[in-house]
Amino acid sequence: MMSRPPSTPPSTPPSTLPAPPATAATTAALTALAMVAFAANSLLARAALKGTGIDAATFTLVRVASAALVLGAILHLRARGRARMGGDWIGAAALLVYACGFSFAYLRLAAGTGALVLFASVQATMIGDGLRRGDRLRAVQWLGIALALVGLVWLVLPGLQAPPPGATLLMAVAGIGWGVYSLRGRGAPDALAATAGNFVRGVPIALAVSVVSVVSVGAVAQLSVDWRGVVLAVASGAVTSGIGYVIWYAALRGLASTTAATVQLSVPVLAALGGIAWLGEPMTARLAVSAVAILGGIALVIAARRR
């Protein structure tokens with residue numbers, strides 16, 4: 001997955017110049033932080049949509065709006081009032097496809113089924129792009145991908161049932177949206193400006209989805225606010241989505257598409273471990289075996305890439 005970063009115009013101010021290439025250690029640290037943020041985001045979304053009265057459209061709107069506010073403020077402070085937002089409407093649309101598809105699909109999909117569909121779609125999108133751009137995988141990398149996929153399937157298999165086709169399609173589309181968003185992020189000359197701009201552009205889209213959702217179910221006269229759900233949505237947007245995506249944008253500079261696709265398989269494992277600590281879910285031998293397989297597969301892909 002080699003994306004071509006856009007050329008920098010001569011008039012581009014210093015604050016938006018491309019950052020120097022990250023070292024391997026920096027890339028690894030940023031990637032780890034991003035995966036922890038995404039896993040925490042899954043836990044927040046699961047707690048809000050399953051344990052509070054907030055609906056999927058409102059959760060998405062609050063999540064996107066809070067991320068836009070925080071990132072806009074950070075960008076403003078960094079540029080001392082002369083902030084220039086980056087991103088574009090395609091990136092914002094990809095972001096909202098992921099966010100909306102994720103929220104609405106999880107209303108009907110079991111957590112294991114949704115994770116499998118989502119990350120399989122992300123993998124297919126990013127690996128497909130890498131192969132299209134000329135990436136050639138070594139045998140050990142294919143082995144690593146296969147091992148990670150087997151570990152993920154083993155993790156979610158006990159809860160798999162025939163999922164509702166509509167919700168399954170929504171989650172698959174969400175995975176494609178996240179894959180596209182990640183791929184576009186690699187070429188962003190300024191990760192913070194691009195992420196802030198995409199979230200700001202995403203607010204009116206999320207608002208439109210929320211209005212359509214409320215009107216379509218005839219719930220205008222029954223609107224109420226679940227403040228616990230709102231707090232979880234704000235945390236999801238401001239911290240684990242907004243800041244997490246900035247970190248991910250920076251990490252993507254040092255990752256190939258295949259590596260970026262495979263490393264995201266760690267998120268379900270991290271989310272499951274977080275569920276044990278936060279939601280009181282039991283630790284099982286199956287979870288331990290899956291974690292070893294997934295993280296071992298990721299290690300194979302990354303190690304082979306560095307040779």
Side-chain angles (χ1 to χ4, degrees), residues 35-71 95-119 156 159 161 163-164 166-171 173-175 177-178 199 202-245 267-283:
M35 296 306 101
V36 169
F38 297 156
N41 190 47
S42 296
L43 293 172
L44 291 169
R46 187 180 307 170
L49 294 171
K50 298 296 182 180
T52 76
I54 194 170
D55 63 279
T58 301
F59 178 86
T60 302
L61 174 60
V62 174
R63 175 186 178 188
V64 172
S66 59
L69 285 172
V70 169
L71 292 172
L95 174 65
L96 264 294
V97 165
Y98 156 71
C100 292
F102 177 87
S103 298
F104 280 94
Y106 261 132
L107 292 176
R108 299 189 64 196
L109 285 180
T113 304
L116 178 60
V117 175
L118 177 68
F119 285 93
V156 302
Q161 298 177 350
T168 301
L169 179 60
L170 275 176
M171 190 60 87
V173 171
W178 173 238
F199 270 102
V203 171
I205 304 175
L207 179 60
V209 171
S210 183
V211 170
V212 170
S213 176
V214 169
V215 172
S216 65
V217 299
V220 177
Q222 304 175 7
L223 287 177
S224 62
V225 177
D226 187 315
W227 289 109
R228 181 169 176 265
V230 170
V231 168
L232 291 172
V234 169
S236 173
V239 181
T240 60
S241 290
I243 296 176
Y245 290 0
V267 173
V269 176
L270 295 174
L273 294 175
I276 293 171
W278 183 29
L279 303 177
E281 297 176 353
M283 178 62 169

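Keep in mind that the numbers below use all heavy atoms, side chains included, and drop hydrogens, waters and symmetry copies. From a predicted model like this one, the values you see are computed outputs, not experimental measurements.
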**Item:** Nearest heavy-atom neighbours spanning V267 and S42
**Value:** CG1-OG, 4.3 Å

**Message:** List the residues meeting ring-ring contact (aromatic ring centres under 6.0 Å, His included) with F59, not counting sequence neighbours, and say none if there are none.
**Reply:** none

**Message:** Among residues at least two apart in sequence or on other chains, which ones pass side chain to side chain contact (heavy atoms under 4.5 Å, CB included) with V234?
**Reply:** V62, S66, V230

**With sequence neighbours excluded, residues passing side chain to side chain contact (heavy atoms under 4.5 Å, CB included) with L61** = A206, L207, S210

**Fill in**
All heavy atoms of F102 vs all of M171, minimum pair found to be O-CE, 4.1 Å

**Asked** Who pairs with I205 by side chain to side chain contact (heavy atoms under 4.5 Å, CB included), at least two apart in sequence or on another chain?
**Response** W89, L96

**Asked** Parallel, tilted or perpendicular for W178 and F38, by the 30°/60° rule?
**Response** perpendicular

**Message:** Using the ring-ring contact (aromatic ring centres under 6.0 Å, His included) criterion, which residues pair with F104? Sequence neighbours excluded.
**Reply:** none

**Request:** Heavy atoms only: give me the nearest G237-S241 pair and the separation to one decimal.
**Result:** O-CB, 3.5 Å

**Message:** For a quick test of reading the model, state the closest non-hydrogen atom pair linking A233 to I54 and the distance between them.
**Reply:** CB-CD1, 4.4 Å

**Item:** side-chain hydrogen bond (donor to acceptor under 3.5 Å, both in side chains) partners for T240, two or more places apart
**Value:** N41

**Request:** Starting at CG of L49, measure out to CG of L44 and round the result to the nearest 0.5 Å.
**Result:** 10.5 Å

**Closest approach of A47 to R228 (non-hydrogen atoms, all atoms of both residues)** = O-NH1, 4.3 Å

**Message:** I'd like to know if the side chain of S213 and the backbone of V209 have a donor-acceptor N/O pair within less than 3.5 Å.
**Reply:** no

**Item:** Nearest non-hydrogen partners of V203 and V64, listed with the distance
**Value:** N-CG1, 3.8 Å

